[in-house]
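Step one of this worksheet: look at the structure below.
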Amino acid sequence: MEDSSLQSFHWRHHVFPSFSGEDVRRTFLSHLLKEFRRKGIRTFIDNDIKRSQLIGPELVQAIRESRFAVVVLSKRYASSRWCLNELVEIKESSKNVMPVFYEVNPSDVRNLSGEFGTAFEEACQGKPEDVKQRWRQALVYVANIAGESSQNWDNEADMIEKIAMSISSELNSAPSGDSDNLVGINAHMSEMDSLLCLESNEVKMVGIWGPAGIGKTTVARALFKQLSVSFQHSIFVENFKGSYRRTGLDEYGFKLRLQEQFLSEVIDHKHMKIHDLGLVKERLQDLKVLVVLDDVDRLEQLDALVKQSQWFGPGSRIIVTTENKQLLRAHGIKLIYQMGFPSKSESLEIFCQSAFGKSSAPDGYIELATEITKLAGYLPLALKVLGSSLRGMNKDEQKAALPRLRTSLSEDIRNVLRVGYDGLHDKDKSIFLYVACLFSGENVEYVKLLLASSGLDVNFGLQVLTNRSLIYILRCNRTIMMHSLLQHLGREVVCAQSIDEPGKRQFLVDASEIYDVLVDNTGTAALLGISLDISTINEWFLNERSFGGMHNLMFLKFYKSSLGKNQTELHLPRGLDYLPRKLRLLHWDTYPTTSLPLSFRPEFLVVLNLRESKLEKLWEGEQPLRSLTHMDLSMSENLKEIPDLSKAVNMEELCLSHCSSLVMLPPSVKNLNKLVVLEMECCSKLESIPKNINLESLSILNLDKCSRLTTFPDVSSNIGYLSISETAIEQVPETIMSWPNLAALDMSGCTNLKTFPCLPNTIEWLDFSRTEIEEVPSRVQNLYRLSKLLMNSCMKLRSISSGISRLENIETLDFLGCKNVVNYPVEIFESSPFCHNLVVEMGDIQTPGLPRPFYFRNSFIETIPDCITRHCKLPFLNSSRPVSSNIESNFIWFDQLRKREEWHGDDDD
């Protein structure tokens, strides 16, 4: 155990290695240092220090500034006076030492016998007795410390892993010094340590359960920070509930999306696309991983990512935080840690950190701070919010706040949060209520867009709310989050505006109150926003004037949080006669009528989202759409036409995916010069795209599976991502050569495409899989930025130009299933850029060598020429039947059954 003085010292180096360079520098030591670097262990390196018989001040300082010394005792170690002097300094500095007896017997070191003793005698020649005595004492000292001996290990790599893990564990056991917001964390960590049982090689799932604001995420994050270095891979999925939504996907698609994001992060594979839910198991079952899923609220989230412990390698740990204990039980998680409230002293420290920026109250403030801590009910979130609201006040100002605190905090913990709200400027109060009732979980730029004309100084107001701990913005996706207790506070404030007549409030979020207002037509001009999860309601039948009287309504949000119900639960049997003209957000999933009201004038509309609607058309004629930036009509299967969009000059995103009755786009789209994204995937009846237009800002165009589309969509020369897979397009015009930003082109499944098109050299990603292309021409070498070329299952492909080997940035070539390519260019296999991922299928190998990670699948090969082994070491060879070869043991062979399982994913999971 280290004493407290050692724990508080900031070590410059984690490890000082002492070794004989001639024995181990290029072998054992180089591998050990590499493993240290992989685990984030800082190691002193002496490459720039000139060695002599005496160690200089630089080395003395390095030893003293290192937390551990790893002494590699090899056969020639004791012959080096430099090493012996290092060892004396290590002993005298009371350093934590880990000896490694490398190809020497520990008893030879202790007794100075054998080859080790002979080497020591060489060093002692001509040295005074006192020097020799210090050397002997240092060697005996280190020999008596328990360490690792290479004689006890069959596998040097395993020994190195054990040494690195031991050092890492010791490093993890000491506090980092970063104690902000971690009051009382040691007790929580100790409890979790007993549940996690890290010394066990089993896969364990552990739940952290407790109310909102209790500190579950804080504990989980501290665990992750401490433990992640001990795992091969690790991931912290923050705020699962708020960050991962279905957004129109069915359950299977939702799980696929989760797994894509999850695996992309775990194995550091950006933009991963998967098509099978078994991939998590396939990729992680042999890896020791640490997974933290924070704030989980649905069983399907756990089923998607951590369904079974068998999905993960031995020693893996999965930590799940949630407010719902039943969710953990339903998933079979039996190891559950219940978070308790902090003690009185810990609560006082939490409050003081927030109010005064330190762990204790200034002189004269202790009684005041103690009383406020008690009023806060000892809930960590409430303590922090109250502390922030009082920060910067002098003693008299804080005392002046006490009467209010006494009257509002003693009844219920939620009332504590009202103090933070009351301290806001009126404009910031309004923004707080908008977030609490409508926009928690939404992107910050999206919220700014919707509130742009509110006059509330939204940018500044959001910063104020962030600084006062009333909201926080996720760094990963810029999402605004508000704690559920604070949301409850905001909704109570709104409810108090008119307790008995909800139609006179600013916002409605309660389903029963919304129903009463809409059915009874009691909405008033006071209403600004309505938010309703329609997947939670029973059948509602509204009348055509349900929104009458709501003349100032700006935000109408009828959304589906779950796809469990496919049918529409909200009906308008006589249609809809009126929608307020001040609407800025119209989000109505499964909109139940064939068009919007004839009287509707969307002059202020910013976002129109009518997914899965029964619309056949939106409206007649031209409408004032200057404010409109986003339109999403996806999955509106009856939609036959898009209205005149001439006035939608600020439109940035248009989503019409799965509008299976849509035949064409209107010519007016030529006016959408700010359009960035156009999504029209699976518009199966779409036959044409307007010609002779150039949408200046269009960057992403998706026309996947528009199976009747025969003409290449030459609608913008600025497109960066173009996806037109499974269309009837026959050729790509040469005008595409002038597109300066095109980086990705997907034409997979375009069975009419027979010629490899001329493309600009900006291309980085190409997919021509399942096309009728017959040749990869020599001009492919001009695509010098190309990193991925996918041409699997191109059954007509016969020839591949050797110019492909000149692609210096290539990472993946996929010719799997191209059975008619007999001879692959030799240059492909000899070129170093192809040492990442090359997938081919060959009938007759005529090549002299392959790069190291070459992967191929073959159903025809009977023999593999010995020349293939000249330059390569294959991680695996996959074959359908026994193959005759003199290939060395670095192949891992798969029999026919194993081959099918690996390539087709035929497993039970």
Side-chain angles (χ1 to χ4, degrees), residues 1-2 6 13-25 27-29 31-33 35-36 41 43-44 46 51 53-55 59-60 62-64 66-156 158-167 169-170:
M1 294 289 292
E2 294 176 313
L6 286 175
H13 313 291
H14 291 145
V15 171
F16 179 93
S18 180
F19 59 93
S20 171
E22 65 178 295
D23 284 345
V24 298
R25 183 186 292 275
T27 54
F28 172 83
L29 183 71
H31 299 304
L32 180 63
L33 297 182
E35 185 65 14
F36 281 169
I41 299 172
T43 307
F44 172 75
D46 66 349
R51 287 183 172 245
Q53 292 189 9
L54 299 175
I55 61 173
L59 278 180
V60 172
I63 291 171
R64 293 176 179 176
S66 299
R67 185 166 169 212
F68 294 96
V70 174
V71 181
V72 183
L73 296 157
S74 57
K75 291 179 181 179
R76 299 293 300 168
Y77 182 92
S79 69
S80 169
R81 295 172 179 177
W82 175 285
C83 290
L84 293 172
N85 286 328
E86 273 185 357
L87 192 60
V88 171
E89 179 63 33
I90 289 170
K91 175 179 177 292
E92 292 178 353
S93 65
S94 300
K95 193 62 52 188
N96 292 282
V97 179
M98 173 179 283
V100 179
F101 301 93
Y102 187 73
E103 297 183 353
V104 298
N105 193 312
S107 64
D108 286 345
V109 178
R110 189 178 300 110
N111 300 319
L112 296 177
S113 59
E115 291 185 43
F116 193 89
T118 302
F120 179 70
E121 292 299 327
E122 293 176 14
C124 290
Q125 292 179 7
K127 286 295 179 181
E129 189 59 34
D130 62 327
V131 172
K132 292 188 284 186
Q133 186 62 24
R134 285 200 302 272
W135 287 350
R136 290 190 189 97
Q137 291 173 350
L139 286 168
V140 172
Y141 165 78
V142 75
N144 287 324
I145 299 174
E148 297 294 338
S149 174
S150 62
Q151 296 177 353
N152 298 331
W153 291 87
D154 295 329
N155 187 313
E156 188 173 291
D158 290 343
M159 180 177 71
I160 288 173
E161 171 71 10
K162 173 70 182 307
I163 295 169
M165 287 292 291
S166 297
I167 296 292
S169 297
E170 288 292 330

Minimum heavy-atom distance between S79 and A123, given as atom pair plus value:
O-CB, 3.8 Å
Quick check: do V71 and Y77 have side-chain heavy atoms less than 4.5 Å from each other?
yes
Which heavy-atom pair separates E89 from I63 by the least distance, and what is that distance?
CG-CD1, 3.7 Å
For the NE2 atom of H14 and the CZ atom of F36, what is their distance to the nearest 0.5 Å?
11.5 Å
All heavy atoms of E86 vs all of S18, minimum pair found to be OE1-OG, 2.8 Å
So how far is it from M98 CE to I167 CD1, rounded to the nearest 0.5 Å?
4.5 Å
How many angstroms lie between OG in S107 and CG in L112, if you round to the nearest 0.5 Å?
11.0 Å
Look at atom CG of N152 and say whether more than 12 heavy atoms of other residues, nucleotides or ligands are closer to it than 6.0 Å.
yes
Pairs involving residues 101-129, ordered by first then second residue, that meet ring-ring contact (aromatic ring centres under 6.0 Å, His included) (sequence neighbours left out):
F28-Y102
Counting C-beta onward and ignoring hydrogens, is there a side-chain heavy-atom pair between F68 and I41 closer than 4.5 Å?
no
Pair listing, salt bridge (charged side-chain N to carboxylate O under 4.0 Å, His left out) test, anchored in residues 97-115, at least two apart:
none
Distance col, row L87:CG vs E92:CD, nearest 0.5 angstrom, shows 10.0 Å
Side chain to side chain, V131 and R134, heavy atoms closer than 4.5 Å
yes
Is there a salt bridge (Lys or Arg N to Asp or Glu O under 4.0 Å) between R136 and E129 once you walk through the steps?
CA-CA 10 Å; R136 290 190 189 97; E129 189 59 34; 3.2 Å; yes
Kindly indicate whether the side chain of P17, heavy atoms from C-beta on, has any atom under 4.5 Å from the side chain of T43.
yes
Restricting to non-hydrogen atoms, name the atom on N96 and the atom on R67 that form the minimum distance, rounded to 0.1 Å.
ND2-O, 3.5 Å
Given side chains that start at C-beta, do those of L139 and L84 come closer than 4.5 Å, heavy atoms only?
yes
Taken in chain and number order and not counting sequence neighbours, the residues that satisfy side-chain contact (heavy atoms from CB on, under 4.5 Å) with K162 are E148, W153, S166
Ignoring hydrogens, what is the shortest heavy-atom contact between R76 and A119? Give both atom names and the distance.
NH1-CB, 4.1 Å
Please check: side-chain N/O of T118 versus main-chain N/O of G114, any donor-acceptor pairing under 3.5 Å?
yes
Identify the heavy atoms of A143 and P106 that sit nearest to each other, and give their distance.
CB-O, 4.3 Å
A side-chain contact here means heavy atoms from C-beta on lying under 4.5 Å apart; do H31 and M159 qualify?
no
Atom CD1 of I160 and atom CE of M165: how far apart are they, to the nearest 0.5 Å?
14.5 Å
d(Q133 CD, C124 SG) to nearest 0.5 Å is 10.0 Å
